[in-house]
Amino acid sequence: MSKVKKEWNIVGHKKIFFGVSIAIMLIGVIFNIIFGVSLDINFKGGTMIRYSFQGELDEEALRASIDGQLDEDFELTFSTGDPAVQTDEEGNPVLDEQGNEVMVPTGEAILTMTEAMSMETQEALDAALEEGYADNRMTKITSNSLPPSMGQQFFIKCIVAIVLASAFLLIYVALRFRKIGGLSAGVMSLIALLHDVLVAYFVFVIFRIPLDENFVAVVLSILGYSLNATIVIYDRIRENRRIMSSDATIGEIVNTSINQSMTRSVNTSLCTFIAIAVVAVLALVYNLSSIVSFALPMMLGVVSGCYSSTFIAGPLWVCWKERKGAKEKKSGKKAKA
């Protein structure tokens with residue numbers, strides 16, 4: 001005799017899942033109020049130049065040297081790196097009396113400005129620092145300079161891209177599932193997607209990661225990933241409406257459909273999470289901040305996408321349908337009266 005698989009009453013406990021999401025949103029808002037959000041150079045404009053150096057460095061002397069080259073205000077921050085082999089002017093390793101390579105401390109100096117810096121000024125500054133700090137092997141690693149107006153335009157275009165993507169996804173769901181109330185299903189899926197976008201945003205806020213083009217990449221990836229999981233559930237709802245008993249309520253149909261799709265959604269999310277986690281760990285080990293700023297929000301976004309597709313979109317749609325049915329029933333009774 002085959003055993004009947006027990007179903008989780010997800011729709012019946014929807015208030016718990018809604019409460020968890022609301023709590024997460026409130027925590028994110030609190031962190032946003034406390035820490036605020038910082039924008040990357042690409043979004044707000046300005047200048048950021050990173051220099052690497054070896055050995056001990058007089059930070060105040062370096063600030064004075066840069067101040068002599070620039071007319072605008074600037075900010076200079078320092079970070080330490082792993083020790084490196086000391087080299088001579090020809091690039092050969094320096095050896096001690098025992099013949100061992102001499103290790104020296106390394107670090108980075110990060111110059112930031114609110115205004116864009118011309119190429120002529122950058123070249124003059126680079127030449128002055130490389131010559132004045134030749135013993136420290138001062139070398140420019142990266143530079144990024146953008147007028148504030150262009151940064152704002154780029155930020156607006158990214159927001160427009162996210163809004164358009166959300167609108168097209170809503171239209172797609174509304175057309176594909178029009179037999180089960182496609183527009184309402186699309187609206188509920190869009191609310192679930194907004195939930196995931198906010199989670200990704202709060203990850204940037206909590207971990208103090210500046211919003212950059214990686215944020216847009218994370219959001220667009222999560223939109224597609226989360227919607228795909230939601231569509232799988234809607235497909236099951238459409239099929240179960242046809243094959244289940246006519247006495248089954250919309251809540252029972254949706255609950256059954258979510259249970260049937262849950263294993264697939266969890267397994268897919270788990271595999272994706274593990275793959276991105278490996279990338280994040282390697283990026284942390286090799287200090288690849290640009291990859292970390294994508295992988296970390298994406299990891300939590302995958303978890304949020306699985307959660308919202310399973311516990312938010314379907315139960316929300318049930319609330320919509322039940323409230324609509326109650327209004328129609330109430331209006332019908334008034335008409336008979």
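Only heavy atoms go into these numbers, but all of them, side chains included; no hydrogens, no water, no symmetry mates. Please read these numbers as outputs of a predicted model, since none were measured by experiment.
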Pair up each side-chain donor or acceptor in residues 294-306 with any protein partner under 3.5 Å, not counting sequence neighbours, and list the distances.
residue	atom	partner	partner atom	Å
Ser304	OG	His195	ND1	3.3
Ser304	OG	Asp196	OD1	2.6

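In terms of modelled atom types and a separation under 3.5 Å, the side chain of Asp40 and the main chain of Phe43 share no donor-acceptor contact. Side-chain atoms of Asp73 do not come within 3.5 Å of backbone N or O of Met113 as any donor-acceptor pair. With hydrogens and angles disregarded, a donor-acceptor distance shorter than 3.5 Å links the side chain of Asn259 to the backbone of Trp8. Looking at Tyr234, its side chain does come within 3.5 Å of a backbone N or O of Ala185 through a donor-acceptor pair. Asn136 places a side-chain N or O within 3.5 Å of a backbone atom of Gln54 that can act as its donor or acceptor partner. Checked by atom type and distance alone, the side chain of Thr139 never pairs as donor or acceptor with a backbone atom of Ser52 at under 3.5 Å. Here the side chain of Asn267 pairs a donor or acceptor atom with the backbone of Thr263 at under 3.5 angstrom. No donor-acceptor pair under 3.5 Å is formed between the side chain of Thr121 and the backbone N or O of Met119.
Salt bridge annotation for Glu60-Arg63: present, with a cationic side-chain nitrogen under 4.0 angstrom from a carboxylate oxygen.
Judged by distance alone, the side chains of Tyr307 and Ser269 never bring a donor and an acceptor atom under 3.5 Å apart. Checked by atom type, the side-chain pair Arg236/Gln260 shows a donor-acceptor distance below 3.5 Å. For the residue pair Asn214/Ser293, the side-chain donor-acceptor check at 3.5 Å is satisfied.
Between Leu111 atom CG and Met48 atom CE the span is 9.5 Å, to the nearest 0.5 Å. Thr268 contributes atom OG1, which lies 8.0 Å from atom CG of Asn228 (distance to the nearest 0.5 angstrom). Note that OG of Ser189 is 11.5 Å distant from CG of Leu194, once rounded to the nearest 0.5 Å. Atom OG1 of Thr249 is separated from atom NZ of Lys321 by 13.0 Å, given to the nearest 0.5 angstrom. We find the CD1-CD1 distance between Ile159 and Ile156 to be 9.0 Å, quoted to the nearest 0.5 Å. Note that CZ of Arg238 and CZ of Arg178 are 9.0 Å apart. Values are rounded to the nearest 0.5 Å.
Only one option out of Arg241, Arg176, Arg264, Arg242 pairs with Asp235 in a salt bridge (Lys or Arg N to Asp or Glu O under 4.0 Å); it is Arg176. Across Thr47, Asn42, Thr112, a single residue satisfies side chain to side chain donor-acceptor pair (under 3.5 Å) together with Asn144, and that is Asn42.
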Ring pair (Phe, Tyr, Trp, His ring centres under 6.0 Å) between Phe202 and Phe31, worked out: CA-CA 8 Å; Phe202 291 142; Phe31 272 93; 9.1 Å; no
Chi angles and distances behind the side chain to side chain contact (heavy atoms under 4.5 Å, CB included) call for Met117, Ile49: CA-CA 10 Å; Met117 183 186 298; Ile49 306 177; 4.0 Å; yes
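Met188 approaches Ala313 most closely through the heavy-atom pair CB-O, 3.8 Å. Taking both residues in full, the closest heavy atoms of Val218 and Ala200 are given as CG1-CB, 4.0 Å, listed atom of the first, atom of the second, then distance. Ile258 and Pro315 make their closest contact through CD1-CD, 4.0 Å (heavy atoms, listed as atom of the first residue, atom of the second, distance).
Transitive grouping of hydrophobic side chains (ILVMFWY, heavy atoms separated by less than 4.5 Å) keeps Ile222 and Leu193 in distinct clusters. No single ILVMFWY cluster, assembled from side-chain heavy atoms under 4.5 Å apart, contains both Val160 and Val163. Note on Val219 and Val199: same hydrophobic cluster, where clusters join Ile, Leu, Val, Met, Phe, Trp and Tyr whose side-chain heavy atoms are under 4.5 Å apart, directly or indirectly. No continuous path of hydrophobic side-chain contacts links Ile110 to Leu76 [ILVMFWY only; heavy atoms under 4.5 Å]. The hydrophobic clustering, which links ILVMFWY residues whose side-chain heavy atoms are closer than 4.5 Å, places Trp317 and Met262 together.
Around CE of Met25, the count of heavy atoms belonging to other residues, nucleotides or ligands within 6.0 Å exceeds 12. Counting non-hydrogen atoms of neighbouring residues, nucleotides and ligands closer than 6.0 angstrom, the CZ atom of Phe78 exceeds 12 such neighbours.
You'll find the ring centres of Phe53 and Tyr133 outside the 6.0 Å limit.
Connectivity analysis of hydrophobic side chains (ILVMFWY, heavy atoms under 4.5 Å, direct or indirect) links Leu26 to Ile22.
Between Phe215 and Phe204, the ring-plane angle classifies as perpendicular under the 30° and 60° cut-offs.
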